2 protein chains.
Amino acid sequence: MNSPVITIKELARLLDLSPTTVSRVLSGNAKKYRISDATEKLVKEAAKQHQYQPNQIARNLRLKETNTIGLVIPDISNPFFANLARIIEIELRKLGKLILLTDTHDSSDLECETFKFLFGRKVDGILVAPVGLRCEHLQRFSHIPMVMIDRYFSELSVPYVSTDNYAGAYVATEYLINKNHSRIACIQGLVNTISNKERVRGFRKAIKDYGISSEDIEICGRDFSIENGYQTTQKLLKQASSLTAIFTLGNQIAIGAMRAIKENGLKIPEDISIISFDDQAYFDLTCPPLTTIRQPIDLIGLEAVRILFNLMDGRQPESKLLPAKLIERSSVKDCNSV
Amino acid sequence: MNSPVITIKELARLLDLSPTTVSRVLSGNAKKYRISDATEKLVKEAAKQHQYQPNQIARNLRLKETNTIGLVIPDISNPFFANLARIIEIELRKLGKLILLTDTHDSSDLECETFKFLFGRKVDGILVAPVGLRCEHLQRFSHIPMVMIDRYFSELSVPYVSTDNYAGAYVATEYLINKNHSRIACIQGLVNTISNKERVRGFRKAIKDYGISSEDIEICGRDFSIENGYQTTQKLLKQASSLTAIFTLGNQIAIGAMRAIKENGLKIPEDISIISFDDQAYFDLTCPPLTTIRQPIDLIGLEAVRILFNLMDGRQPESKLLPAKLIERSSVKDCNSV
DNA sequence: ACTACTTGCACAATCGATTGTGCAAATTAC
DNA sequence: GTAATTTGCACAATCGATTGTGCAAGTAGT
């Protein structure tokens with residue numbers, strides 16, 4: 001029986017031709033190498049009949065091109081990254097590339113190991129949302145075309161695409177302040193990641209600009225998980241301060257915070273207000289609908305892919321910070337009207 | 001300068017050894033081939049110093065093993081699949097495999113193309129949540145180790161791991177009936193997919209077992225999207241029937257349904273009850289908290305990987321249907337107590 | 001009929017790692 | 001001192017596709 005995989009060599013033997021000729025026909029270079037029309041037709045028919053599929057591994061080795069892009073993400077179960085992955089997958093597929101997906105679970109060590117893997121696989125490029133704590137490995141592999149998404153290191157020459165986290169956080173904080181909140185807690189994500197730092201910076205700047213005492217605010221939390229949102233909020237609420245609003249710096253944190261508030265028998269926004277960075281599809285259905293800062297996820301994905309391909313074509317790296325947008329719902333109480 | 005990539009051949013030249021010897025040392029076969037301790041040490045040090053990373057493409061070609069698993073998913077932005085992807089990624093990484101991720105957007109054509117791609121890439125195995133409409137391509141490539149997840153075709157000899165959708169839907173329906181609902185709509189997902197069909201079957205069976213007139217129920221909808229949940233619910237509500245409960249067959253459908261209900265100014269569960277297949281992390285925070293049927297996502301992922309590896313080891317295929325669990329919250333009104 | 005092209009295809013090397021086998025040199029045995 | 005082993009490593013083929021080059025056979029020109 002025919003094995004389910006047929007190679008060019010076998011095809012050639014069947015047709016009594018050389019592998020060279022078969023290869024040339026199948027890669028569309030028949031004319032270029034003066035293969036006769038008759039032979040061309042013969043080869044094509046045989047290929048179809050035997051369902052010939054080129055062995056990409058062999059092509060890759062020879063052509064030094066794998067048509068594969070590494071996608072390195074801290075947590076694919078976070079809807080922000082899942083949505084990002086989706087748009088990126090769509091774009092890359094249009095361009096004939098496949099994705100090697102890796103989830104680093106916010107571990108720099110895993111990320112570093114991942115880079116070695118991807119390098120060994122000879123990916124044509126890498127799209128990475130770095131954990132954000134270290135970057136030697138990014139540096140080390142920066143000879144391969146790479147774009148950072150969401151999180152980045154401005155000190156590296158690697159381009160990035162992200163949200164303008166600073167401005168977004170500023171707007172969110174300003175919004176709270178305009179609603180006359182003054183005792184505000186900010187629950188942050190992974191400390192030291194640029195997106196977190198920028199959001200915190202935006203928060204602080206607004207606080208300062210509006211002359212709010214630094215004693216009336218609190219910045220706490222440690223990562224972007226639901227767990228962190230929950231535990232940090234529990235702690236905040238136990239402090240029995242006169243906290244009036246919480247600004248969560250990620251959608252998962254918001255979930256945890258809401259859960260804790262609910263368990264404490266408090267009402268949003270009557271007892272405590274909440275605003276979150278990073279909108280999600282279901283945030284209009286939570287109790288109450290959540291006011292958020294929406295990041296332009298699709299645009300981030302699109303731009304990242306575009307820039308990556310520019311890089312692969314040898315063009316200049318180019319970074320982008322895209323604007324976030326306030327989505328006003330009803331999780332923030334207007335303390336002016338009291 | 002040294003190029004950033006060093007090959008075995010170059011390493012060999014530097015050390016004045018043959019590539020053979022270098023290869024043998026680096027793949028840990030020094031003893032087996034009687035390489036002297038001195039040489040072994042020399043090679044290892046040079047490899048470390050030059051940061052040698054084996055070219056996996058070349059190894060793959062020679063060894064016919066890519067350490068890559070194809071993951072084929074209908075929609076990675078659906079949290080159900082994102083969570084599944086995450087647990088699978090974790091398990092596969094433990095086993096030294098990387099994931100080629102593809103999103104088929106619920107298109108059988110794309111799925112078919114995807115299979116060709118994966119075959120060409122010589123993946124060691126495939127984990128697929130098939131679109132579910134056609135399966136010739138699954139058949140055609142069934143010589144490569146493959147496990148279907150979530151959705152499956154029982155007529156194929158390809159093993160699968162999924163939830164016991166029939167039983168889950170039966171329990172959900174029974175729950176509604178016990179709460180004395182009798183005018184129930186069921187908003188389904190992708191018609192003809194096995195998970196949908198099984199859920200509908202469970203629904204129908206419960207309806208029949210409890211003697212509810214088929215005129216009091218309605219089965220509508222077309223796919224697993226938010227959009228479908230929204231539009232179908234809008235239609236249902238416009239019919240001004242005396243509908244008392246909706247059973248949505250997927251988490252995204254539930255979101256759409258809730259949105260439509262809300263926009264129509266109706267209250268859940270006072271005006272209309274809702275129960276959904278497929279629990280999500282945030283469903284305790286929606287307005288109201290949603291009663292759902294939870295699928296054992298982690299277990300599905302774990303089992304799928306386990307079975308796939310058994311297959312790759314040449315052991316027998318084996319399929320599993322895992323139990324779902326009712327998570328009672330407060331989106332279903334108890335009509336008995338009225 | 002003899003040279004000059006053109007046509008149609010095959011040879012062989014290559015990509016980087018792996019592996020069965022072979023063969024000197026070193027060691028041991030007697 | 002010679003034969004028998006053992007030690008230590010290299011040769012060369014292989015995986016499947018690609019490509020620069022070469023070379024017959026066919027056609028055209030005069």
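All values derive from a computational prediction rather than experimental measurement. Order of the sequence lines sets the chain letters (A, B, ...), proteins ahead of strands, with each chain counted from 1.
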Exercise for review: Would you mind reading off the distance between B:R34 atom CZ and C:dA26 atom P, rounded to a whole angstrom?
Suggested key: 16 Å
Review point. Think A:T39 has a side-chain N or O under 4.0 angstrom from the OP1 or OP2 of C:dC9?
Key: yes
**Study point:** Upstream residue (5' side of DNA chain D) when B:L63 and B:L17 are each assigned their closest nucleotide
**Key:** B:L17
Point to revise | Gap between atoms CD and C1', on B:Q56 and C:dG16 respectively (whole Å) | key: 11 Å
Check your understanding: Under 4.0 Å: is that the gap between some side-chain N or O of B:S23 and OP1 or OP2 of C:dT18?
Key -> yes
Review point. Considering heavy-atom distances to DNA chain C, does B:T20 or B:A58 have its closest nucleotide positioned more toward the 5' end?
Key: B:A58
Review point. In whole Å, what is the span from the CZ atom of B:R59 to the P atom of D:dG16?
Key: 17 Å
Review point. At under 4.0 Å, does any side-chain N or O of B:Y52 touch on OP1 or OP2 of C:dA17?
Key: yes
Check your understanding: How far does CG of A:D103 sit from CZ of A:F81, to the nearest 0.5 angstrom?
Key -> 9.5 Å
Revision key, fill the gap. Closest to the 5' end of DNA chain D, once B:K64 and B:P19 are matched to their nearest nucleotides, is B:P19
**Study point:** Greater than 12 external heavy atoms within 6.0 Å of B:D16's CG
**Key:** no
Practice item. Apply the test ring-ring contact (aromatic ring centres under 6.0 Å, His included) to residues A:H143 and A:F119: give CA-CA distance (whole Å), side-chain angles for both, the deciding distance (0.1 Å), then the verdict. Key: CA-CA 10 Å; A:H143 60 280; A:F119 172 71; 5.6 Å; yes
Review point. Do B:R62 and C:dG20 share a donor-acceptor pair, side chain to base, under 3.5 Å?
Key: no
Practice item. Verify the contact: side-chain N or O of B:S18 to OP1 or OP2 of D:dC9, cut-off strictly under 4.0 Å; return yes or no. Key: no
Point to revise | Phosphate contact (D:dT19 OP1 or OP2) by A:R24 side-chain N/O below 4.0 Å | key: no
Practice item. To the nearest Å, give me how far apart CD1 (A:I6) and P (D:dA17) are. Key: 10 Å
Point to revise | Shortest side-chain distance from B:I8, nucleotide among D:dA10, C:dT18, C:dG8 | key: C:dT18
Point to revise | Rounded distance in Å - CG (B:N60) to C1' (D:dA17) | key: 15 Å
Revision key, fill the gap. One should read off an interatomic distance between B:D298 CG and B:L322 CG, to the nearest 0.5 angstrom, of 11.5 Å
Review point. Just wondering, are more than 12 heavy atoms of other shown residues or ligands nearer than 6.0 Å to NZ in A:K41?
Key: no
Exercise for review: Using only side-chain N and O atoms of A:K122, determine if any of them is under 4.0 Å from OP1 or OP2 of C:dC15.
Suggested key: no
Review point. Taking NZ from B:K9 and C1' from C:dC15, how many angstroms apart are they, rounded to a whole number?
Key: 8 Å
Review point. Which part of the nucleic acid does A:D16 contact within heavy-atom distance under 4.0 Å: base, sugar-phosphate only, or nothing?
Key: sugar-phosphate
**Study point:** d(CG, B:L42; C1', D:dC9) in whole Å
**Key:** 14 Å
Review point. Does the side chain of B:D109 come under 3.5 Å of the side chain of B:S107 through a donor N or O and an acceptor N or O?
Key: no
Check your understanding: On DNA chain C, nearest-nucleotide positions of B:I57 versus B:Y33: which is more 5'?
Key -> B:I57
Practice item. Round to a whole Å and report the spacing from CG of B:L15 to P of D:dA10. Key: 10 Å
